[in-house]
Each structure stands twice: as structure tokens, then as C-alpha cells.
2 protein chains.
Amino acid sequence: MASTDYIPHISYDSVIFGFSGDKLKILLLEYHNTELLALPGGFVKNTEDLNDAVRRGLEERTGLKNIYLEQFYTFGNYQRHQPQVLKTILEANGFDSGGEYRWMLDRFITVAYYALINYNEVVPQPDELSDFCKWYPVDQLPPLMLDHADIVAKAIDTLRENIDRKLIGMNLLPEKFTMKELQHVYEAILGVNLRRTTFQRKMLASDLLIRHEKKYSGEAHKAPFLYSFRIK
Amino acid sequence: MASTDYIPHISYDSVIFGFSGDKLKILLLEYHNTELLALPGGFVKNTEDLNDAVRRGLEERTGLKNIYLEQFYTFGNYQRHQPQVLKTILEANGFDSGGEYRWMLDRFITVAYYALINYNEVVPQPDELSDFCKWYPVDQLPPLMLDHADIVAKAIDTLRENIDRKLIGMNLLPEKFTMKELQHVYEAILGVNLRRTTFQRKMLASDLLIRHEKKYSGEAHKAPFLYSFRIK
DNA sequence: TTATTATTGTCATGAAATGAGACAATAATG
DNA sequence: CATTATTGTCTCATTTCATGACAATAATAA
């Protein structure tokens with residue numbers, strides 16, 4: 001990770017959404033020997049496309065390829081520049097903040113992306129500066145480093161705006177799912193309760209879903225159908 | 001414009017929309033002694049907020065303060081890097097592309113914004129590298145430099161998505177306007193014809209407009225009311 | 001003064017989408 | 001076979017929207 005390999009002053013951060021236990025969650029890193037939680041992020045190589053850099057970083061962190069990824073905002077306030085925070089992290093990891101890693105103390109403008117992944121397919125991998133990589137529900141986030149709380153808030157806003165225009169449910173659920181599970185994804189993202197019959201009618205009318213066999217859960221009531229999304 | 005004043009590798013470009021003659025138009029620069037048309041853009045000072053930098057550049061170009069401004073995408077493909085294009089422009093202006101301006105040949109990741117302005121209040125000002133600064137209708141654009149055509153296309157897409165959520169008409173029209181003028185703004189942005197009665201009903205029901213006196217144009221028909229937007 | 005013309009503001013009508021609840025079907029259990 | 005919880009679908013009222021009809025009106029022509 002020599003400074004000459006990367007474009008200086010530019011980073012990316014990714015808000016990685018997953019869905020589990022009826023809650024919308026994101027992946028956060030915790031740095032060694034500090035109490036700072038942060039979004040997974042990284043830098044862009046000199047001859048690399050910005051979007052490719054983000055995809056590369058995500059694949060390292062999740063092990064998944066072909067992740068659903070969307071850029072949503074670039075954060076460039078001068079106030080983001082807090083070199084002492086990076087210094088703390090570097091030194092807590094035993095790196096010399098005056099040497100090879102000096103460039104990481106510079107001012108960075110960061111391009112933010114959100115990703116949607118299937119929670120069950122992922123084993124989160126921490127990076128070389130962090131030891132934890134854990135899921136946190138978006139309605140119970142701990143304090144985050146720098147302006148990362150603003151970045152998460154904007155990511156959720158964007159997700160809400162996009163919920164009916166992009167196939168968000170598809171990327172947060174397994175291949176096959178019940179109508180109730182899909183409804184819970186919508187409810188977790190929008191933060192409201194939806195009416196079951198109206199939701200079901202709207203989804204079926206949208207022609208996005210294919211109905212499959214029933215799912216017998218072993219519980220004492222009618223078994224729901226499984227669905228998948230028509231377009232991949 | 002010394003390299004040390006600005007963050008390297010980061011630029012912004014602005015798509016400045018105006019409305020005139022029932023057409024949606026944008027401002028383009030033409031560089032001295034070249035045939036390259038480009039979006040107005042600039043760089044971010046070392047201790048300046050990104051958003052402030054864009055606002056500063058826009059004020060220089062239009063003379064307006066408090067411009068409606070929205071960031072919509074950051075373009076970071078490596079293919080954007082075409083140093084010979086910048087070299088041509090610099091040398092056509094008599095600058096030494098190997099000296100003080102050398103940094104402008106570097107790779108840049110550009111943050112794109114769109115602005116909405118009242119066409120009649122603006123006298124476009126070219127910058128130090130360009131001699132023309134002219135309005136072009138978005139449906140008849142000439143070839144643009146680098147990936148600027150992509151940037152414009154994405155700006156228009158974003159404008160369409162935002163048309164009902166943000167007060168776009170307000171910023172493209174003078175203080176008071178007729179319902180027909182507002183409809184023409186919508187039609188120019190969406191690229192479709194709208195039904196007069198439906199548009200009028202929807203706008204009145206939205207509660208965004210205040211009705212003022214009638215506008216007597218001298219033509220042989222009923223005079224329309226003037227409207228303004230309720231919130232500023 | 002009165003008829004003409006183009007445009008505007010509003011209403012009437014029917015179609016489509018949505019909200020809210022009713023109800024039968026059904027998978028397991030007692 | 002009755003009970004229970006949940007699901008799939010239907011009904012009905014309400015709201016929204018598309019479309020066309022029509023009267024009001026500002027200037028001009030007769």
C-alpha cells in the first residue's frame with residue numbers, strides 16, 4: 001500500500017446493506033486497539049476505474065462477486081480532514097504515521113456507494129487495519145468515525161427513494177422468499193408498517209415475481225408460496 | 001492558479017440549466033483556438049469545501065448568488081485521462097504545459113453538479129482558458145470534450161427523476177409565471193407533451209403555487225393568471 | 001354593439017389505483 | 001374433528017387520474 005500506487009486525496013466508502021432477523025443491517029469495521037467504528041473503504045489505483053476499485057474492495061470484504069452496487073454521493077467538506085484520527089489508527093496498528101503511510105493523513109474527498117447483499121452468503125473479512133467486521137442494525141448504530149454517520153444516513157435516504165424503481169428486494173433476499181419476507185424488507189427500509197393485502201396485491205400486479213412451490217415450515221397454519229424475481 | 005493551491009486529481013463540472021424559448025438549454029465553454037466545447041468546471045482549494053468550490057465557480061460564471069445546485073454523480077473512469085486534450089487547450093492559450101500548469105495534465109476524477117438558473121438574469125462569463133460561453137438547447141448539443149456528453153446525459157436523467165420531488169420549475173422561471181410557462185418547463189425536461197387540464201389540476205392541488213393578478217398579453221383571448229411558488 | 005377567435009379555468013364522467021376489511025382455505029396441533 | 005394462526009383472494013368505498021366538455025374572457029373584426 002505505497003502512496004505511489006494510489007490516487008492521492010481520493011477515497012471511497014461503502015455502506016453494505018444486508019437483511020437478517022427482520023432488520024436492515026450494515027457492515028462496520030472496528031480498528032485494532034481503538035474504539036472507532038468505520039465504514040469499509042479504500043483507495044483508487046492510479047490506472048483503475050473508480051467503480052472497479054470499489055468493486056475490488058467489496059469483493060475482498062465479502063468474498064462475493066457481482067455485487068449490486070450504487071454510487072450515491074461524494075463527501076468533500078474540509079471538516080472531514082482530521083489527521084489525528086488516522087494517526088491514532090495507524091499507530092495503534094504499529095505503523096509509522098510519518099513514513100510510508102504518511103499520505104493517509106492527507107485530506108480526502110470520499111465517494112460513497114451502497115451495496116446490497118444476501119446476508120447469508122457472506123463471511124465478513126476485516127482489513128489489515130481492523131480486527132472486527134460486524135453487522136449492526138441501522139436503527140441501533142454505535143457512534144462512527146468522522147462523518148460516517150452522515151454517509152449512512154444519506155445511504156438510507158437514497159435506498160428509500162430507490163425502493164420502487166430498482167430491484168432492491170432481489171439483492172437483499174435469497175433466490176426464493178415468501179411474500180412476508182419481501183414485505184419485511186420494505187418495512188425495514190421504509191421504517192413503517194405496510195398493509196399486508198395491499199402490499200401483496202401491488203407486488204403481484206407488478207409482474208416482477210414468479211410463484212413457485214409452497215414452503216411448509218411445520219407451523220400450524222396455511223403455508224405460503226415461495227417467489228423469485230422474474231428478471232435477473 | 002498554482003498547483004499547490006488546489007487538491008490534485010479532483011475537479012468538478014457543472015451542467016447549468018436554463019429555460020428560454022420553450023427549450024431547456026445548458027451553458028458550454030469553447031476554448032480559444034480549438035473546437036472543443038466543454039462544461040464549465042474547476043478545482044477545489046486545499047482548505048475549501050467541495051460544495052463551496054462549485055458555488056464559487058458558478059458565481060464567477062453567472063454573476064448569481066444563491067444558485068440552486070445539486071450534486072448528481074462522480075465520474076472516475078480511467079479512460080477520462082486524456083492529457084493530450086488538456087495539452088492542446090493549454091498551448092492554444094499560450095501556456096507552457098510543461099511548467100506551472102503541468103498538474104492539469106494529470107488524471108482527474110470529477111464530481112458533477114447541475115444548477116438551475118433563471119435564464120434572463122444571467123450574462124455568461126467565459127473563463128481564462130475559453131472565449132465563448134454560450135447556451136445550447138439540450139436536444140441539439142454539439143460534440144463535447146472528454147466524457148462531457150455522458151455527464152450531460154446523466155444530469156438530464158437526474159433532473160427527470162427529481163422533477164416532482166424538488167422545486168425545479170421555481171429555479172428555471174422568473175418570480176411570476178403562467179401555468180402554460182410552467183407546463184412548458186415540465187415538457188422540455190421530460191421530453192413529452194402533457195395534457196393541459198391534468199397538469200393544471202395537479203399543480204393547483206399540490207398547494208405549491210400562489211395565484212396572483214392576471215397577465216394581459218394583448219392577445220385576443222382570456223388572460224391567464226400569474227403564479228409564484230409558495231416556498232422560497 | 002355584437003360576432004368571432006383563441007385560450008383559459010373548471011367541471012363531469014368514467015377508469016384505474018388504493019385503503020380497509022371480510023372471509024374462506026389450509027397446515028399443523030389437541 | 002375442532003382449534004389456531006396465517007395466507008390468498010375478494011368486496012366495497014375512497015381517492016386519484018385521464019379525457020373531454022364547456023363556459024368565461026381578452027382582443028379583434030364586422
Side-chain angles (χ1 to χ4, degrees), chain A residues 19 21-23 160-165 167-169 173-230, chain B residues 19 21-22 160-165 168-169 173-230:
Chain A
F19 185 75
D22 286 353
K23 290 219 165 194
R160 284 181 185 157
E161 285 172 7
N162 287 345
I163 195 168
D164 278 325
R165 287 184 297 156
L167 292 174
I168 284 171
L173 289 170
E175 170 78 16
K176 290 183 182 177
F177 49 86
T178 65
M179 192 63 79
K180 177 178 257 183
E181 288 166 340
L182 184 58
Q183 183 177 342
H184 285 323
V185 169
Y186 272 69
E187 291 176 332
I189 291 174
L190 296 175
V192 297
N193 292 324
L194 300 175
R195 184 158 281 271
R196 182 182 65 90
T197 55
T198 306
F199 182 80
Q200 174 129 336
R201 183 177 41 186
K202 186 174 122 180
M203 280 298 138
L204 293 178
S206 77
D207 212 48
L208 291 173
L209 301 180
I210 299 173
R211 180 177 280 183
H212 300 278
E213 73 282 4
K214 290 191 171 190
K215 179 190 178 191
Y216 296 91
S217 63
E219 285 163 294
H221 53 73
K222 190 171 178 178
F225 286 107
L226 286 170
Y227 297 88
S228 66
F229 280 94
R230 186 175 298 280
Chain B
F19 185 74
D22 286 354
R160 284 180 186 160
E161 285 173 8
N162 287 345
I163 195 165
D164 279 325
R165 286 182 298 156
I168 284 171
L173 289 169
E175 171 77 16
K176 291 184 181 176
F177 48 86
T178 64
M179 192 62 79
K180 177 179 258 183
E181 287 166 341
L182 184 58
Q183 183 176 341
H184 284 323
V185 169
Y186 271 69
E187 290 176 334
I189 291 173
L190 297 174
V192 297
N193 292 324
L194 299 175
R195 186 160 281 269
R196 183 183 64 90
T197 55
T198 306
F199 183 79
Q200 174 127 336
R201 179 162 41 90
K202 185 175 121 180
M203 280 298 137
L204 293 178
S206 77
D207 213 46
L208 291 172
L209 301 180
I210 300 174
R211 179 177 281 183
H212 299 280
E213 73 283 3
K214 290 191 170 188
K215 178 190 177 190
Y216 296 91
S217 62
E219 286 163 295
H221 53 73
K222 190 172 178 177
F225 287 106
L226 286 170
Y227 296 89
S228 66
F229 279 94
R230 186 175 298 277

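Order of the sequence lines sets the chain letters (A, B, ...), proteins ahead of strands, with each chain counted from 1.
With rounding to the nearest 0.5 Å, the separation of CG in B:N162 from CZ in B:R165 is 5.0 Å. The distance from the CZ atom of B:R160 to the CG atom of B:L190 is 7.0 Å, given to the nearest 0.5 Å.
Note: CZ (A:F199) to C1' (C:dA17) measures 17 Å, nearest angstrom. Distance CZ (A:R201) to C1' (C:dA16): 11 Å, rounded to an integer number of Å. Regarding A:M203, its CE atom lies at a distance of 14 Å from the C1' atom of C:dT18, rounded to whole Å. A:K215 places its NZ atom 17 Å from the C1' atom of D:dG8, with the value rounded to the nearest Å. One interatomic measurement links the two molecules: CG of A:L204 to P of C:dA17, which rounds to 15 Å at whole-angstrom precision. Rounded to whole Å, the distance from CD on B:E219 to P on C:dT4 is 22 Å.
Classification of the B:F199-B:Y186 ring pair by plane angle, with boundaries at 30° and 60°, yields perpendicular.
A:H184 and A:E181 share no side-chain donor-acceptor pair at under 3.5 Å.
Comparing D:dA26, D:dG20, D:dG8 by their nearest atom to the side chain of B:Y216 picks out D:dA26.
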Between N or O atoms, less than 3.5 Å apart, protein on one side and nucleotides 6-8 of chain C on the other: list the pairs.
residue : atom : partner : partner atom : Å
C:dT8   : OP2  : B:K180  : NZ           : 3.4
C:dT8   : O2   : B:K222  : NZ           : 3.2

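In this structure a side-chain-to-backbone donor-acceptor pair under 3.5 Å is present from A:Q183 to A:L194.
Nucleic acid contact class of B:K202 (heavy atoms, under 4.0 Å, all strands): none.
Between B:S228 and the choices B:H212, B:K176, B:R211, the side chain to side chain donor-acceptor pair (under 3.5 Å) rule is met once, by B:H212.
Put simply, A:R195 has a side-chain N or O that comes within less than 4.0 Å of OP1 or OP2 on C:dA20.
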